[in-house]
Protein chains: 2
Amino acid sequence: MPASARSRLARRLPRAAMVFAALGDPTRLALVTRLCDGSRRSITQLCDGQPLTRQAISKHLRVLEDARVVRSERAGRESLYALNPQPIGELRDYIDLVSSQWDDALARLKSFVEK
Amino acid sequence: MPASARSRLARRLPRAAMVFAALGDPTRLALVTRLCDGSRRSITQLCDGQPLTRQAISKHLRVLEDARVVRSERAGRESLYALNPQPIGELRDYIDLVSSQWDDALARLKSFVEK
DNA sequence: GGGGAATGCAACTTTCTGGTTGCTTAAGAG
DNA sequence: CTCTTAAGCAACCAGAAAGTTGCATTCCCC
């Protein structure tokens with residue numbers, strides 16, 4: 001890996017870790033899964049189907065919003081939450097980088113064995 | 001989303017959450033980044049560059065191993081850690097699913113507006 | 001065999017997380 | 001205007017996580 005790529009990556013690691021952490025809870029992952037169809041839902045809407053209090057869900061949504069995985073907007077007396085796909089896309093960039101490094105390593109190993 | 005796809009996904013959510021959580025810490029993400037070149041490194045090797053105790057790193061490695069992101073193998077008096085790319089690949093599957101749902105939603109919205 | 005290096009194990013502290021309950025505030029609906 | 005519904009806020013609790021220190025173990029090397 002070239003040094004420039006490594007430092008560019010290193011700068012983004014804490015941010016990526018925050019997004020990974022936001023998704024690292026089954027409840028939050030379920031919320032994201034529910035929102036990934038592009039819908040905008042209120043907190044009480046997002047509550048049903050889950051055996052938790054509204055406040056618990058509310059806290060989870062705040063965690064997701066801090067990581068910018070989700071955006072909220074007040075509409076009258078309810079606040080509507082919607083997915084923000086950008087941070088998740090950045091995760092995919094990270095994963096692709098890991099995979100490509102891994103594949104390169106495999107290829108090098110293979111060519112070494114075959115020599 | 002068809003019901004079959006939703007239930008298949010739901011079954012895998014807790015597992016995916018575990019992997020996300022394992023990557024959701026800057027130290028652990030740095031460890032994974034370091035291992036993604038296919039190398040096998042001992043714990044003390046993985047310690048340098050990080051301002052933590054060996055035991056702290058050791059605990060982080062255990063978390064990664066529990067999530068199967070990493071595999072360890074004893075070699076003499078040291079244990080060598082290597083990346084296991086499979087769980088991270090499963091994360092990509094999840095992300096691709098989210099993205100495709102999102103894209104579908106955008107497309108539907110667009111066709112609705114244009115009608 | 002003895003010493004140093006790499007690791008494992010256990011106890012402990014501190015901080016963070018996930019969750020609850022109770023109360024307040026704001027906004028629609030009748 | 002009053003009632004109900006949606007949400008926010010604050011305090012609290014139990015358990016998990018992150019990290020440390022100290023000691024035991026195992027293995028390599030001389």
Side-chain angles (χ1 to χ4, degrees), chain A residues 13-35 39-83 87, chain B residues 10 13-35 39-84 87:
Chain A
L13 275 188
R15 167 105 190 93
M18 196 181 183
V19 180
F20 275 124
L23 298 179
D25 175 280
T27 302
R28 288 197 291 267
L29 206 52
L31 289 171
V32 168
T33 305
R34 206 162 191 200
L35 286 175
S39 56
R40 306 158 81 245
R41 295 181 198 270
S42 71
I43 297 181
T44 32
Q45 271 181 307
L46 290 169
C47 276
D48 59 48
Q50 241 124 11
L52 293 182
T53 327
R54 175 179 54 85
Q55 282 83 349
I57 301 290
S58 209
K59 277 193 187 182
H60 281 301
L61 286 170
R62 184 186 306 268
V63 173
L64 288 170
E65 193 172 12
D66 285 347
R68 298 194 219 291
V69 174
V70 126
R71 266 194 291 248
S72 77
E73 179 190 356
R74 194 75 194 235
R77 68 179 150 178
E78 55 195 357
S79 47
L80 300 177
Y81 284 81
L83 186 72
Chain B
L13 275 189
R15 167 106 189 94
M18 196 181 184
V19 180
F20 274 124
L23 299 179
D25 175 280
T27 302
R28 288 196 292 265
L29 205 52
L31 290 171
V32 168
T33 305
R34 206 164 191 198
L35 287 175
S39 56
R40 306 159 81 248
R41 295 180 196 271
S42 72
I43 298 183
T44 32
Q45 271 181 307
L46 289 169
C47 276
D48 59 47
Q50 241 125 12
L52 292 181
T53 327
R54 175 182 53 86
Q55 281 84 349
I57 301 290
S58 208
K59 277 192 185 181
H60 281 301
L61 286 169
R62 182 186 306 268
V63 173
L64 287 170
E65 193 171 12
D66 285 347
R68 302 201 159 73
V69 174
V70 126
R71 266 192 292 246
S72 78
E73 179 191 354
R74 196 75 195 234
R77 67 178 149 179
E78 54 194 356
S79 47
L80 300 177
Y81 284 80
L83 186 72
N84 175 23

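Proteins get letters first, then strands, A, B, ... in listed order; numbering begins at 1 in each.
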Engineer: Please list residues of residues 46-56 of chain A whose heavy atoms come under 4.0 Å from any atom in DNA chain D, ordered by number; otherwise none.
Structural biologist: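 By residue number: A/Arg54, A/Gln55.
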
Engineer: Carefully, step by step, assess B/Arg41 and B/Asp48 under the rule salt bridge (Lys or Arg N to Asp or Glu O under 4.0 Å).
Structural biologist: CA-CA 11 Å; B/Arg41 295 180 196 271; B/Asp48 59 47; over 6 Å; no

Engineer: Starting from the first five and the last five pairs of the helix from C/dG1-D/dC30 to C/dG30-D/dC1, work out the angle between the resulting helix axes, to 10 degrees.
Structural biologist: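 Taking five pairs per end, the axes differ by 30°.
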
Engineer: What's the CG-P distance between B/Leu31 and D/dG19, to the nearest Å?
Structural biologist: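 These atoms are roughly 11 Å apart.
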
Engineer: Does B/Thr53 reach the main-chain N or O of B/Ala56 with its side chain, forming a donor-acceptor pair under 3.5 Å?
Structural biologist: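 It does not hold such a pair.
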
Engineer: Spell out, as yes or no, whether a donor-acceptor pair under 3.5 Å connects the side chain of B/Arg71 to the backbone of B/Asn84.
Structural biologist: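 Not confirmed, B/Arg71 side chain does not pair with B/Asn84 backbone.
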
Engineer: Can you tell me how far C1' of D/dA16 sits from CZ of B/Arg62, to the nearest Å?
Structural biologist: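 Going from B/Arg62 (CZ) to D/dA16 (C1'), I get 15 Å.
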
Engineer: Using side chain to side chain contact (heavy atoms under 4.5 Å, CB included) as the criterion, point out the one residue from A/Leu31, A/Leu83, A/Leu29 that pairs with A/Leu64.
Structural biologist: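 Between A/Leu64 and the candidates, side chain to side chain contact (heavy atoms under 4.5 Å, CB included) is satisfied uniquely by A/Leu31.
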
Engineer: Tell me if the CZ atom of B/Arg15 is crowded by more than 12 foreign heavy atoms within 6.0 Å.
Structural biologist: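 Check passes, neighbour count above 12.
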
Engineer: Any chance you could measure B/Leu52, atom CG, to B/Lys59, atom NZ, to the nearest 0.5 Å?
Structural biologist: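 Those atoms lie 11.5 Å apart.
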
Engineer: For A/Ser58, report the nucleic acid contact type (base, sugar-phosphate, nothing); a contact means any heavy atom under 4.0 Å.
Structural biologist: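 Touches sugar-phosphate only.
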
Engineer: Going from CG on B/Leu46 to OG on B/Ser39, what distance comes out if it is rounded to the nearest 0.5 angstrom?
Structural biologist: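 The OG atom of B/Ser39 is 7.5 Å from CG of B/Leu46, to the nearest 0.5 Å.
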
Engineer: How close or far is atom C1' of D/dC27 from atom CZ of B/Arg74, stated in whole angstroms?
Structural biologist: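 Distance, rounded to whole Å: 8 Å.
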
Engineer: Taking atom CD of B/Gln55 and atom SG of B/Cys47, what is their separation to the nearest 0.5 Å?
Structural biologist: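 The distance works out to 8.5 Å.
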
Engineer: A/Gly24 or A/Ala75: which one's nearest nucleotide on DNA chain C is closer to the 5' end?
Structural biologist: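 Nearest nucleotide further toward 5': that of A/Gly24.
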
Engineer: I want to confirm an ordering. Mapping A/Ser79 and A/Lys59 to their closest nucleotides on DNA chain D, which one lands closer to the 5' end?
Structural biologist: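 The answer here is A/Ser79.
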
Engineer: Map A/Gly76 and B/Ser42 onto DNA chain C by nearest heavy atom, then report which one ends up closer to the 5' terminus.
Structural biologist: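 Looking at the nearest nucleotide for each, B/Ser42 comes out on the 5' side.
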
Engineer: Rounded to whole angstroms, how far apart are CG on A/Leu80 and P on D/dG8?
Structural biologist: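 Rounded to whole Å, this separation is 11 Å.
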
Engineer: Taking atom CZ as the centre, does A/Arg40 end up with more than 12 heavy-atom neighbours from other residues, nucleotides or ligands that are less than 6.0 angstrom away?
Structural biologist: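 No, because the 6.0 Å sphere around CZ of A/Arg40 holds 12 heavy atoms or fewer from other groups.
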
Engineer: To the nearest Å, give me how far apart CZ (B/Arg77) and P (D/dT25) are.
Structural biologist: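 Roughly 18 Å, once rounded to whole Å.
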
